[in-house]
Amino acid sequence: NFKIKTNYVSDLLNLFDTTFQGFNNSEISGRLDTRQNQLELDTYVPALAYKQFEFQNINIKGKGTLQNLALTTTIDHLKVSDSLSFPFTQIDLLARNDSTNVKFITESDNKNISSGSINALVRTFDDGIAIKFDTTNFVLNGKRWAIEENGELELRSNKVSHGEIV
């Protein structure tokens with residue numbers, strides 16, 4: 001078992017990378033069992049900033065083995081710019097081998113991008129990625145957009161890129 005609690009570490013991080021701010025009063029706890037190949041992680045970061053992005057109240061919960069890793073991240077507030085912020089974001093990842101199931105849910109204070117839900121299977125290759133979407137939707141400029149189940153997008157250097165997104 002492990003437990004780490006930071007105090008004021010922002011200045012220390014700036015020694016390595018001045019684009020990072022925050023991580024003060026963060027808590028990281030969990031369990032690493034090398035005999036049974038199990039990992040559990042519970043992380044709370046009150047605030048952090050990277051370049052122009054600002055995050056508040058980040059919670060990351062993870063559980064994994066040598067075969068897979070499941071992560072759930074919630075962010076109470078994500079600021080992308082002065083005109084675009086998200087009061088709630090949740091990201092769920094389940095990774096196995098070269099495949100990751102991704103679920104991304106968000107709400108926005110911006111009328112142009114008010115909400116979204118992205119569900120996809122992302123496969124990685126030596127020469128690129130392939131994304132197979134499950135039912136996905138988002139609101140952009142007041143209009144609801146949807147990507148139907150099994151919509152695909154493939155980006156690889158050894159193949160002509162293609163997609164079938166309806």
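These figures come from a predicted structure and were not determined experimentally.
The distance from the OG1 atom of T6 to the CD1 atom of I28 is 7.5 Å, given to the nearest 0.5 Å. Taken to the nearest 0.5 Å, the CG atom of D11 stands 8.0 Å off from the CG atom of L15. Interatomic distance, L153 CG to I129 CD1, rounded to the nearest 0.5 Å: 7.0 Å. Interatomic distance, OG1 of T73 versus CG of L71, reported as 6.0 Å (0.5 Å rounding). Atom CD of residue Q21 and atom CG of residue N14 lie 4.5 Å apart, to the nearest 0.5 angstrom. In this structure, OG1 on T72 lies 8.0 Å from CG on L93, to the nearest 0.5 angstrom.
The closest side-chain heavy-atom distance from N150 to E152 is not below 4.5 Å. Within the 4.5 Å cutoff, no side-chain heavy atoms of I147 are placed close to those of N137. Residues N57 and I75 form no side-chain contact, since every pair of their non-hydrogen atoms from C-beta on lies 4.5 Å or further apart.
Counting non-hydrogen atoms of other residues, nucleotides and ligands closer than 6.0 Å to NZ of K51 gives a total of 12 or fewer.
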Using a 3.5 Å cut-off and no angle test, enumerate the donor-acceptor pairs between side-chain atoms of residues 117-124 and protein atoms at least two apart in sequence or in another chain.
| unit_1 | atom_1 | unit_2 | atom_2 | d |
| --- | --- | --- | --- | --- |
| N119 | ND2 | T135 | O | 2.9 |
| T124 | OG1 | D98 | O | 3.4 |

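Side-chain atoms of N25 and Y8 include no donor-acceptor pair closer than 3.5 Å. In this structure, a donor-acceptor pair under 3.5 Å is present between the side chains of D92 and Q90.
Taking D42 as the reference, K61 meet the salt bridge (charged side-chain N to carboxylate O under 4.0 Å, His left out) condition, with sequence neighbours excluded. Applying the side-chain contact (heavy atoms from CB on, under 4.5 Å) rule to S81 yields the partners S83, L84; only residues at least two apart in sequence or on another chain are considered. When the salt bridge (charged side-chain N to carboxylate O under 4.0 Å, His left out) test is applied to D126, no partner is found at least two apart in sequence or on another chain. For R31, the side-chain contact (heavy atoms from CB on, under 4.5 Å) test picks out N1, D33, Q38, E40, with sequence neighbours left out.
Ring geometry for F138 against W145 counts as parallel: the plane angle stays under 30°, on a 0 to 90° scale with 60° as the upper cut.
By the criterion of side-chain heavy atoms lying less than 4.5 angstrom apart, applied directly or through intervening Ile, Leu, Val, Met, Phe, Trp or Tyr residues, Y44 is not grouped with F23; the two fall into different hydrophobic clusters.
Screening residues 54-97 for ring-ring contact (aromatic ring centres under 6.0 Å, His included), with sequence neighbours left out, gives no hits.
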